[in-house]
Amino acid sequence: MSSMTTTGVKKTRFNLDLKTIGPFVALIVLFLIGILVNQAFLSTGNLTNILTRSSFIGIIAVGATFVITAGGIDLSVGSMAAFISGCMIVIMNTLAATMEPGIMIVLAGVFASVLLGSAAGFVNGFLTTKGKIEAFIVTLGTMGIYRSLVTYVADGGTLALDRGVRTIYRPVYYDSFFGIPYPVLVFLGVAILGYVLLNKTVFGRHCFAIGSNENVARYSAVHVDRIKTLTYILQGICVSIATIIYVPRLGSASGQTGTLWELEAIAAVIIGGTVLKGGYGRIWGTVVGALILTMIGNILNLTDVISNYLNGTVQGIIIVVAVFLQRGSWRKKK
Amino acid sequence: MSSMTTTGVKKTRFNLDLKTIGPFVALIVLFLIGILVNQAFLSTGNLTNILTRSSFIGIIAVGATFVITAGGIDLSVGSMAAFISGCMIVIMNTLAATMEPGIMIVLAGVFASVLLGSAAGFVNGFLTTKGKIEAFIVTLGTMGIYRSLVTYVADGGTLALDRGVRTIYRPVYYDSFFGIPYPVLVFLGVAILGYVLLNKTVFGRHCFAIGSNENVARYSAVHVDRIKTLTYILQGICVSIATIIYVPRLGSASGQTGTLWELEAIAAVIIGGTVLKGGYGRIWGTVVGALILTMIGNILNLTDVISNYLNGTVQGIIIVVAVFLQRGSWRKKK
Amino acid sequence: EKFTIGVSIPTATHGWTGGVNYHAKETKKRLETTYPDLKIVLVTAADPTAQANDLEDLVSVHKIDALVILPTDGGPLTDPIRQVKESGALITVVDRALTDDTIQDIYVAGNNPELGAVSAKYIKKALGGKGDIVVLRGMPIVIDEERFDAFMEGIEGSEINVLDHKHANWNRDDGFTVMQDFLARFPKIDAVWAQDDDIALGVIEAVKQAGREEEMFIVGGAGMKDIIKRVMDGDRLTPVDVLYPPSMISTAMEITALKAVTGAPLKGTYIVGSPLITQENAKDYYFPKSPF
Amino acid sequence: MPTTMASPSTIETALVANNICKSFGPNEVLHGVSLNVVAGEVHALLGENGAGKSTLVKILSGFEAPSSGALVYEGRDVHWSSAEAENSGVILIHQEFNLAEQLTVEESIFLGREITKGPFLDKVRMRTLAQGYLQALDCYADPSARIHDLAVADKQMVELAKATSRNARVLILDEPTAVLTGKETKVLFELIRRLRAQGVAIIYISHKLEEIEEIADRITILRDGTLVGNYDANELTKDDMARLMVGRELSDLYPHILTPPEDAEIVLEVDNLKIPGVIFNASFSLKKGEILGFAGLVGAGRTALMEAIIGLTQNVSGEVRVFGKPVAYKDLSEARDDGVAYLTKDRKEKGLLLTHGLCPNFSLFSLQKFSNLLIDETAERKAFEAASKVFDLRVGDMSVPAGSLSGGNQQKLLLAKVMEVAPQIVIIDEPTRGIDVGTKSQIYQFIKELAEAGRSVILISSEMTEIIGLSHRVAVMCNGTLSGILQGADLEEHEIMRYASGLKGNGKYE
Ligand SMILES: Nc1ncnc2c1ncn2[C@@H]1O[C@H](COP(=O)(O)OP(=O)(O)OP(=O)(O)O)[C@@H](O)[C@H]1O
Ligand SMILES: Nc1ncnc2c1ncn2[C@@H]1O[C@H](COP(=O)(O)OP(=O)(O)OP(=O)(O)O)[C@@H](O)[C@H]1O
Ligand SMILES: [Mg+2]
Ligand SMILES: [Mg+2]
């Protein structure tokens, strides 16, 4: 793009800024709107709610940032979350039936969750890399598979966590540390780890390289397939972490759990300035993206000026506008 | 990376075949399964049903083939369909209130539908090209917008078409011409037109060019933005055609109409051998893809050996396998 | 010579439909053992279009002699069901009315407006006709409309003030989220009409989290076992529940099977009411084994 | 610089290839070629376009597997992948760039060999090292700049830096100077000499025979995939090389071209054209039947200027007149329809659809002319076959994708594509980049015929001799300014360099 390059050069700086601050600007604007809409928005209660809620999508989106940066996509995260929660509950209930409900059971559940997450991620990664099937299709397939499996396990209904176990597990979602709810802390931890991994390690750099040009990466002795599979496994683990803090919230899972989370996660990633075509990812942007999405929902609940029916419209517009703030920035990535 | 292309090339010959026959093989296999599962599968009644049903997704998928070939994606088709059906019904009902129900009213509805489709498509195209926002996000946004708009128009309920108009309109779905239902004829027509447009015209060539390298297209005097926008408009028109034969079937529309059609359409396109990254499209593949998807649903209804809960699993597996038949084929498009 | 009944129901997209699926499966097993020459084909669909497809398949492939259908949406399916009728099959419609009631032979009617009305009546009484409430609605579809309108009608004239109503899509997570925000927004809430037990469960958690259990009570709907258990145990947060039994599908299947096999002259409408479940009568509605 | 460097004495023959054959599908492109590279020598590889040079070196460096034949590296038989080859110090710089556009310079240089401190990247270290490697090539690209923002020449320098940063024992350069001007070429040669002195074996591919004469110790010549012979550099004159490559005597490279009459109509006029930040001032005019050369250092703004004229760049100020009519093209199609065509120098990113067939590539630019409603595919194919004769495309099988053509043949395809619209004014940017001498003379002949048929040509080239040999007049650009237009006696190398480097004329390098 020669002449584009010319302009490109100046653009770059310009857009890089926009890409960096864009999401934050959007967040701040939303924040102000929130305040205008309803005083209650600023109440600590409400703000903690927003943070805590955003941690599900947020943690998943951190994983998605890796997948997308490396040029992939994962549509299965939502149903994966449902599937993992379902299995966790079944496992913990079976244990609870055999032994005294205790911390051990919860740990067993957590362990199982991480195991399942990595496995599910590996399946996606393996099919994409070794099976050479487009990620979109692989994960579209597994999306349907996981969801129907959980419906099957739940026998069409809802899987409820054993009361005893629940009481032990409950604090993981509801308690907090110096006023900061555990989910938020976990989210923060995941984000920081993600940031370091993506920006400070060889693995992260290889993700960028693969996303930007797979062949060049392969020629530079980068283990393309391994790295790509790893990003999916990472995504799976993030999903499992999200479920670990999700299950104690309502102590239940069903075929409905996590519907459309995949789209929310991807939206969060893109709003955050990551390039969908791969080669450029931003963890902090993703975090902000997740906050934005949660905040939209929250604000809509705090007002009744807009008909409920129009929530989707408002969300849609905000998402598009938020990305519009970074317009052009992804263009030259072609 | 000529050597990449090199390996690419050796594959080409090989895969082009696979890509061409792959979907057909899958279709035939499914067909045989159908016969084994249940004799009744072969009854003309059943076969006509399959064809008629596949026409919705099929027609939409033909449009999607253009969008995807030109390197874009449209997630909004499902809700666009809901929105258009909704508006059609409202318009026809209002007219019916003022005048004698007659063919004119239906034509008015059809006209409105096409108009809306083109407009909706234009919006998507404009935002992607001029707004320089990633197609995925634009259409994710409009997806939410259209869906919530129709819910709003339907006031949360279902919009039902005026009885009188319905009786006039009904044949468009239920009648047939020498035993071939109209929807099938329309589908066939759209497919043929699509084929010619994509493979025999300048427009089609330009779609391929843009999809495989936008810069080269620009340097070859291709009006990149215009062509891309046109593909979205085309998609919109295809959606409107689909709704034109959808509305007479159930004579109603609601916020639920057309949920997940976007994924089905995209799946049909990819199963058909079109490359999601753009630059390579096959209309006939898409048609077969649509048939495959419909046939899966049908076959699952032919037997109750599989728990209904597991439908999603079967579908997922078949989709992945169908694409696996063309494994590697999309690789060289990097 | 076998007699085939096709049963078409919505996919388990939330707790209640989950219950429908469960009862349908159970009843299928039971009936097929009691009536050896009876064959039941069970199909599920996510939306009206898919359900219309299913109906076509039931006729063209399974040659059903009778259809038991719980329509995902009465309006759009009226016509496809008429076609099944024209194929000569006996039609039993469950829960959701068609736009043309001459089609069905048997109608096992759930009563959505009644659910709304009963809830309204109770809340009015419990609050002494005066107070601030919030409403969590289901998915934006007809059923939700009917329930909501009936409810608003029910409280009309009283001094009960609906602070706001939002859609919680018959989903626990949404129930939780929406209620959290209601709690953040309204300092004083006397009662919550959650309309559905899945939503109610979410609401309960949100209220507990906010530590405002003493302030309000919650009225759900459907008769999910967890909620009924709470009612039985006299939980003050959920003093009552309003029945809207997914088991109505079983009733419909049984009646249809009976007519099919014995040719008994069964016709007309069987209304499944929406009685108020209180601590007293709760045990009659408690089925621990059901997943719902 | 690598410290553990093998000294010439320790190794005799570094890399040996014994009758290598290579086929792509049905057609064999290398028929038993043998090569023997000795440590501390510069071994030139010569051959026409499509002779098989790139294929051979790809095989040597593990990017392609030979269909038959053996590789021996430092005594051992090897069947290696590109990664293994690279680890053992056999490094290929591709004819086409092999860089990921979104990565930064530093990331590209260390890709696959990142330096870490504990579990983390040592960015500081890599940055400074990268800087060092680049400066050694006196290239001043910022290590944190993204590849897609670099000018072509800088991209090539990054490739070189990448190679030098590795512990090279055998360094293979496939037409490295195709995108370089004299200045950078000198730098490159210094580097090559330095490495040779350190005992590195260098395989050097180029179509610029004077370079071969200057740098090569030994020369291996290929023709149509067979070995012509293996010579000592000082055995051969440039003419010998040309003859051996092409297999026939070559007429004088630069044809005599009639000068257009003084009063010839002016077809293109450019007044004070400016692009903020890139072009500071350019004014010139072009006569009917004239060939106007554009000289300058890489980055001087020639491409930028032309892209502005044909409407690829917006926010351009100044006036452009085509056939006396003021124009401000908004995109290429408008220019094309006025009979102005531009041939890009970046055939891979802007010229050809590498994954598509030859015919669709050929007709993409002129498609309208084959189409009334539907595309007349037979006419299209006929035109393509005609053109492939005119530009003598050397392709076994016309159904291969453009990406599989040899570099030179890709260039020819690109020429054919642009010329198909029969432009009145044609702007050709580096038309003979990567073209063998034989074909070069064909292309020059073609340009001559264009001009004498009354078409007008703007010729951008970094090859001084080409510019001087073909142009009636030469415009020289210097740092975004058109610093002077030379003709007649002034038209010679040193004068041009003075203008290009800002010593003369109104162009300045700060
Ligand atoms: N991947 C491939 N598939 C089919 N043919 C190929 C492929 N790669 C190269 N060829 C053919 O092999 C022959 C040699 O190509 P190669 O690139 O080695 O030529 P070259 O000597 O490098 O030419 P140039 O000087 O133009 O670079 C050409 O005819 C080319 O078309
Ligand atoms: N310093 C620069 N800043 C931004 N873009 C540039 C710069 N130099 C060149 N470009 C752009 O990069 C493209 C290719 O680079 P290149 O240096 O070959 O072109 P150029 O500047 O015209 O130099 P040349 O005179 O060699 O053509 C050109 O189209 C030009 O627009
Ligand atoms: Mg070559
Ligand atoms: Mg140049």
Side-chain angles (χ1 to χ4, degrees), chain A residues 37-50 52-53 56 82 147-148 150-160 163 166 170 173-175 181 246 248-261 294 297-312, chain C residues 9-26 44 134 136-137 140 144 162-187 197-198 201-206 208-211 224-226 229 246 290-292:
Chain A
V37 162
N38 192 327
Q39 284 308 324
F41 177 80
L42 272 181
S43 65
T44 28
N46 190 54
L47 293 181
T48 17
N49 284 346
I50 294 177
T52 324
R53 271 179 224 166
F56 298 133
R147 193 155 298 288
S148 76
V150 65
T151 321
Y152 182 72
V153 175
D155 205 353
T158 306
L159 293 160
R163 288 249 174 147
R166 179 88 195 288
R170 208 167 171 289
Y173 180 85
Y174 289 98
D175 283 12
Y246 167 81
R249 181 166 97 172
L250 300 181
S252 70
S254 77
Q256 275 47 62
T257 308
T259 13
L260 296 186
W261 281 7
T294 325
N298 175 257
I299 291 175
L300 286 169
N301 280 342
L302 292 184
T303 169
D304 45 13
V305 289
I306 308 164
S307 153
N308 294 328
Y309 302 137
L310 290 179
N311 286 4
Chain C
I9 54 178
T11 29
T13 56
H14 54 275
W16 191 79
T17 42
V20 172
N21 275 265
Y22 169 79
H23 288 292
K25 284 223 310 299
E26 294 302 305
T44 64
V134 291
L136 291 89
R137 306 179 55 169
D144 173 69
V162 175
L163 296 165
D164 192 7
H165 58 93
K166 295 273 180 216
H167 287 274
N169 309 313
W170 293 314
N171 171 311
R172 290 187 196 191
D173 292 306
D174 298 358
F176 181 81
T177 321
V178 173
M179 192 58 198
Q180 267 191 331
D181 292 339
F182 278 159
L183 289 165
R185 186 172 150 196
F186 304 115
D197 292 340
D198 259 311
L201 283 165
V203 172
I204 292 170
E205 290 298 340
K208 280 202 182 129
Q209 183 196 24
M224 184 186 286
K225 62 172 191 249
D226 322 40
K229 182 85 172 54
S290 155
F292 182 69

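We name chains A, B, ... by the order of the sequence lines, and we start the count at 1 in each one. These numbers come from the heavy atoms of this one structure, side chains and all, not from hydrogens, waters or symmetry mates.
There is no contact between A/F41 and chain C, counting heavy-atom distances below 4.5 Å. Looking at C/T177, the atoms closer than 4.5 Å to chain A (heavy atoms on both sides) sit in the backbone and in the side chain alike. Of the two parts of A/R163, only the side chain, counted from C-beta on, holds a non-hydrogen atom closer than 4.5 Å to a non-hydrogen atom of chain C. Of the two parts of A/T303, only the backbone, made up of N, CA, C and O, holds a non-hydrogen atom closer than 4.5 Å to a non-hydrogen atom of chain C. For A/I50, no part lies near chain C; criterion is any non-hydrogen pair under 4.5 Å. For a residue to count as touching a neighbouring chain, one of its non-hydrogen atoms must lie under 4.5 Å from one of that chain's; by this rule A/N38 touches chain C with the side chain only. Heavy atoms closer than 4.5 Å to chain A are found in the side chain of C/D198, but not in its backbone.
Considering only heavy-atom pairs separated by less than 4.5 Å from chain C, the leading option among A/T257, A/T151, A/N298 is A/N298. Note on A/S43, A/G251, A/S252: by heavy-atom pairs under 4.5 Å with chain C, the leading option is A/S252. Heavy-atom pairs under 4.5 Å with chain A peak, among C/N171, C/D173, C/N21, at C/D173.
In terms of heavy-atom proximity, C/D181 sits nearest to A/N301 at OD2-ND2, 2.8 Å. When all heavy atoms of C/E205 and A/L250 are compared, the closest pair comes out as CG-CD2, 3.5 Å. The shortest non-hydrogen separation linking A/A40 to C/A184 is CB-O, 3.3 Å.
Atom CZ of residue A/R249 and atom CZ of residue C/R172 lie 12.0 Å apart, to the nearest 0.5 angstrom.
Ring geometry for A/Y309 against C/H167 counts as tilted: the plane angle lies between 30° and 60°, on a 0 to 90° scale.
Each of A/T52, A/N49, A/T48, A/N46 was evaluated against C/Q180; a single residue qualifies, A/N49, per the side chain to side chain donor-acceptor pair (under 3.5 Å) test.
Crowding of A/Y152 atom OH: a count of heavy atoms from other residues, nucleotides or ligands under 6.0 Å not exceeding 12.
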